[in-house]
Amino acid sequence: MTTPTPETPAPSDFIREIIADDIKTGKHSRIVTRFPPEPNGYLHIGHAKAICIDFGTALEFSGECHLRMDDTNPAKETMEYVESIKNDVHWLGFDWGPHFYFSADYFERMVECACELIRKGKAYVCELTSEQWKDYRGIPTLPGKESPFRNRSADESLSLFAKMRAGEFPDGTLCVRAKIDMASPNLHMRDPVIYRIMRAAHYRTGDKWCIYPTYDYAHPLEDAFEGITHSLCTLEFEVHRPLYDWVLEQLAIAKRPRQIEFARLNITYTVLSKRKLLELVRDGYVKGWDDPRMPTLAGLRRRGYTPSAIRSFCQRVGVTKFDSFTDIALLEFCIREELNQTAPRFMAVLDPVKVVIENYPEEKVDWFDAVNNPEDPAAGTHRVPFSRELYIERADFREDSPKKYYRLAPGKEVRLRYGYFITCTGFTRDEATGQITEIRCTYDPATGGGNAPDGRKVKGTIHWVSAKHAVPAEVRIYDRLFNVEHPDDVPEGVDYKTNINPDSLKIGQALLEPELAALPRGTRCQFERKGYFMVDPLDSTPAHPVFNQIVPLKDSWAKAGTPQP
RNA sequence: UGCCGGAUGGUGUAAUGGUAGCACAGCAGAUUCUGAAUCUGCUUGUCUAGGUUCGAAUCCUAGUCCGGCAACCA
């Protein structure tokens, strides 16, 4: 198994403590974990947490982690999902080596185990319909009653089970139940179904089977077959643990894996349920599983998130049994933290307004050196052209000039980054729309490159592009998909989709400095003073560059509630 | 009114009977050719009530609140 470089020294948590203890006491000499997704959807950031726990702990303890498709329900599973899962786990930075498995490959062994349970009097074929079963099962506060088929002979059950497998009964008629305890306060122990009849083509086994094991029965077996030592899963399986243990006990399996549960990830302003994500894709609320607004790994990847930033996030989130809600600001922090160190800087104007430098010659062009990354001197510099007509950000000019405002305004001087100091001498406005159409300035020829020989300071530095060198590009500005912290938190009868943010995608035309327009697909960079962007890996072409905003830069000026003086 | 689990600042997470710490967020200031980054400082917390103890977030008792569980889903 290969490893991503650890972001920080190994964290500790209650699961790692258990494992460390198991090694110390000699219970296990080598640990084996597994990540067992059902291939019925794309992996999302919640899975990333589980992957980091499953693969991460195995790695730290020099063990191994298996990737297993938990495909016991053919109705919802497809090969497309299998491929996407493998791709995403790999992309995140983890490697399962030769340990890639399918539950479906264990079906034969599982049937043998079921027969053994029947022979031992621990399971039986039941003919109650699921409707009827509701009465027998009882409710949490009252015990259930036993199925009339519960005490039929093992031989009879065995024979019926064989016929079930042979396809002699319609879907949903007979089933195999574990014989446990109809009075158990834990509903999962009231003779749960372990095999059901379901005629559905399985993406891996085709039409070979018409009976399929249920999760509760299959999972402990798969874990045992693979020699898993620690079976890590989310909290909702906690009440299933007695059943997990029961199955392994009845079959007298010597080396029994231990199931340990941790809290699943929740993040503000997003939903992390496969059902809902599928709905967003299927009903066109987003443009696919890899829509950059989606919390799927495919979406985050397309957006420009890095595997290491996601791993860093998962580590910062921690591992506990407390059902928590993590602030999406933490995820944004993680990607900014990394990109600040690694992303080259360029200038791009997203909402352009023209500036004319009145005292700058018509045909002249200056080429200035721009630092690629102030955090990394080794990244070098690149050249940026300056000429008489420029574009600056509309928001970097105001007619009035409130206190603490140090961008461009009539009579005020600012620095054009890496260029000259300019002073605004006037502007024209379209009277019909009220929009500023052109800003007039003069420049100080002594300030080339952005430094004043007389040592005078300007408080404001703004970015710009030379009009005649500017390259137009499409920019996609993404915002959170939901406009409330807890999109799922809706009153009875209200759908979570009413919380969808209608402005989660804004497409604009930006003007880029020439070098920026030449970056290859998939390149991450910073638009100075705006944010981190990535050249879209699919849609961008040299003739039509497309940039996705990964995350904006923090903006304390905007936060100060600025627009108002 | 059943079973299982959980409760530490706004959020997430440490402290395993001995000074409640870290991160994110927020707020101030310094610095800055990115109102970014960086640096400094600050605000805010042990669910409640009893008990054990020299000493309790931690142990005990009783409550309160929150989450999960009644698919032939996983």
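Order of the sequence lines sets the chain letters (A, B, ...), proteins ahead of strands, with each chain counted from 1. All values derive from a computational prediction rather than experimental measurement.
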Polar side-chain contact A:His188-B:rA71 base: donor and acceptor under 3.5 Å = no
Look at the side chain of A:Gln526 against the base of B:rU34 and say whether a donor-acceptor pair falls under 3.5 Å; ignore hydrogens and angles. yes
Work out how far the P atom of B:rU11 is from that of B:rA7, and round it to whole angstrom. 15 Å
Face-to-face stacking of A:Tyr406 with B:rG35, centres under 5.5 angstrom, angle under 30°
yes
Q) Is A:Trp557 stacked on the base of B:rG35, with ring centres under 5.5 Å apart and planes under 30° apart? A) yes
>> Taking A:Arg34 first and then A:Glu222, would you say they form a salt bridge - that is, a charged N and a carboxylate O separated by under 4.0 Å?
In response: no
query = Between A:Arg264 and A:Glu236, does at least one N-O distance fall below 4.0 Å, as a salt bridge requires?
reply = yes
Report task. Classify the nucleic acid contact of A:Ile328 as base, sugar-phosphate or nothing, counting any heavy atom under 4.0 Å across all strands shown. Result -> nothing
- For A:Gln341, which contact category applies under a 4.0 Å heavy-atom criterion: base, sugar-phosphate, or nothing? nothing
(Q) Looking only at side-chain N and O atoms, does A:Glu338 offer a donor or acceptor that is under 3.5 Å from a partner on A:Ser312? (A) no
Its contact letters, B for base, S for sugar-phosphate only and - for none at protein heavy atoms under 4.0 Å, make nucleotides 5-10 of chain B read SS----
Of B:rG68, B:rG2, B:rU13, the nucleotide closest to the side chain of A:Val239 is B:rG68
Give a yes/no on whether any side-chain N or O of [X] is located under 4.0 angstrom from OP1 or OP2 of [N].
{"X": "A:Lys559", "N": "B:rG26", "answer": "yes"}
{"X": "A:Thr72", "N": "B:rA74", "answer": "yes"}
{"X": "A:Ser324", "N": "B:rU13", "answer": "yes"}

Which of A:Glu168, A:Met164, A:Arg165 passes side-chain contact (heavy atoms from CB on, under 4.5 Å) with A:Ile197? It is A:Met164
(request) Please examine the side chains of A:Lys274 and A:His47, heavy atoms only from C-beta on, and report whether any two atoms are closer than 4.5 Å. (result) yes
